[in-house]
Amino acid sequence: MRVQFWGTRGSLAKPGPTTLRYGGNTSCVEVRTADGTLVVLDCGTGAHDLGLKLAASTKQPLRGHLLITHTHWDHIQGFPFFAPLFARGNEWDIYAPGGLGQQLEVTLAGQMEYTYFPITLAQCGAAIRFHDLTEGSFEIGTLRVTARYLNHPALALGYRLEADGVVVVYAVDHEPHARDHAGPAGGDRRGAPVHREDQRHVEWLAGADLVIHDAQYTVEEYPQRMNWGHTPAEWAVDYAMAAGAKRLALFHHDPQRDDAALDRLLEVCRRRAAGSGLDVFAAAEGQVVELASRAVGAIRPEPPGTAASPVATSPAAADTILIADDDPTIVRLLTLTLEPQGFRLLTANDGETALRIARAERPALVLLDWQMPGADGIAVTRALRADRDAELRDVPVVLITGLSGGENTAVGFEAGVTDYLTKPFQPSHVRTRVRTWLLRRGPGSRDGR
Ligand SMILES: [Zn+2]
Ligand SMILES: [Zn+2]
């Protein structure tokens with residue numbers, strides 16, 4: 001498999017004398033399998049040069065697959081300038097997460113409206129097929145793709161690509177779930193993180209030959225940038241080490257990180273990985289990584305819990321959500337965030353009432369404060385998990401917590417908690433997480449771990 005970086009910058013293109021070596025263009029990566037299958041990961045401004053190269057290639061017409069993590073600007077701004085979309089005879093399949101109420105095609109067409117751009121999406125010459133994705137696995141020719149929801153203020157998918165006995169994982173615009181990082185670096189670096197969602201993230205990276213990971217911040221910067229949806233580079237190293245990955249490309253470089261600063265961050269990351277066998281580098285624009293094919297049997301088995309259907313419809317807008325918290329400010333904040341999304345909201349101020357409402361109304365999602373008078377969040381979770389009603393036993397239960405220690409988190413997961421919502425939270429984060437929990441729900445989607 002051949003991987004080439006065409007844009008490595010996050011958030012904003014940053015050309016200029018201070019970013020010459022690592023590059024100023026935003027996210028775009030080209031992947032070629034041995035049989036010539038072409039996959040493009042994201043369509044930031046780096047896609048312009050890739051498009052020119054593809055348009056000049058002798059092999060025409062072109063057939064390609066564009067996997068978009070999410071539609072924040074730095075991942076789609078190169079789309080209207082991607083030449084292969086304009087040539088008749090070319091065929092492009094474009095994939096991105098669906099389920100936020102607006103379809104991919106509409107979103108991409110939006111930035112090509114007359115106000116912003118002279119050519120509309122409808123005027124593109126190539127045959128374009130749009131695919132709204134949810135979490136799960138699917139095939140592109142000989143390539144197997146496993147999409148996984150990332151932790152970001154917009155609904156975002158990362159992609160694990162497997163072909164020719166080689167695994168490449170593209171995990172950008174992702175923030176760790178555990179804010180205190182009681183995981184790999186919190187003592188035993190080789191140990192798995194405590195938060196279940198971080199554990200699953202590591203499982204999804206497992207055995208990769210190359211992990212391309214969000215590394216926008218340093219650990220020093222991170223406390224001021226929590227909830228912005230990105231990972232400190234040092235923690236990306238920990239995840240790659242815990243996953244037994246061979247190579248890690250630091251990616252989605254902060255626009256304020258010049259070449260010299262990136263060199264320093266890379267040095268810190270390499271020291272952190274010393275002795276682990278993990279090769280760490282900072283992705284540079286134009287850089288090519290060749291990954292030698294292996295016998296197909298050499299691939300580690302597919303990560304568990306990811307065999308869901310690849311493409312599904314959006315969740316029903318009228319899904320019922322139960323919110324239980326004795327703090328009226330939190331109830332009001334969550335109501336103000338979720339009501340405009342069209343959800344039906346039920347609220348309670350204590351655990352017993354929450355349980356009674358849950359049994360009567362069978363909500364699609366339960367948000368519970370950990371500390372409540374009477375039955376606390378853990379007690380309510382245990383009661384739900386032991387309920388006679390199978391649907392209630394499987395309902396996603398999310399505990400609302402402060403910045404809790406690793407032990408508490410583990411106790412909650414043991415009791416059957418699906419995930420945590422950690423205060424203080426941003427409305428965009430709450431909306432995205434709620435969509436993720438609802439999209440993951442469904443027949444057979446809860447794997448009981
Ligand atoms: Zn981004
Ligand atoms: Zn983003």
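Computed over heavy atoms, backbone and side chain alike; hydrogens, waters and symmetry mates excluded. Whatever order the structure lists ligands and atoms in, that order sets their numbers, starting from 1. Keep in mind that what you see is a predicted model, and the values were worked out from it rather than measured.
- The Zn ion (ligand 2) lies closest to atom ND1 when only the N/O/S atoms of His72 are considered.
- Among the backbone and side-chain atoms of His252, an N/O/S atom is found under 2.8 Å from the Zn ion (ligand 1).
- Note on His75: counted as a metal contact of the Zn ion (ligand 1), an N/O/S atom lying under 2.8 Å.
- Residues His213 and His201 have side chains that bring a donor and an acceptor to within less than 3.5 angstrom of each other.
- Restricting Asp74 to its N/O/S atoms, the shortest distance to the Zn ion (ligand 1) is reached by OD2.
- Checking Asp173 against the Zn ion (ligand 2), an N/O/S atom falls under the 2.8 Å cut-off.
- Looking only at N/O/S atoms, His152 comes nearest to the Zn ion (ligand 2) through NE2.
- A donor and an acceptor atom, one from each side chain of His72 and Asp173, are nowhere located under 3.5 Å apart.
- When the options His174, His252, His230 are evaluated for a ring pair (Phe, Tyr, Trp, His ring centres under 6.0 Å) with Tyr217, the one that passes is His230.
- Test Ile323, Thr347, Asp325, Thr329 against Leu334 for side-chain contact (heavy atoms from CB on, under 4.5 Å) and you get one pass: Ile323.
- For the pair Ala283 and Phe251, the tightest heavy-atom approach, listed with the atom from each and the gap, is CB-CD1, 3.8 Å.
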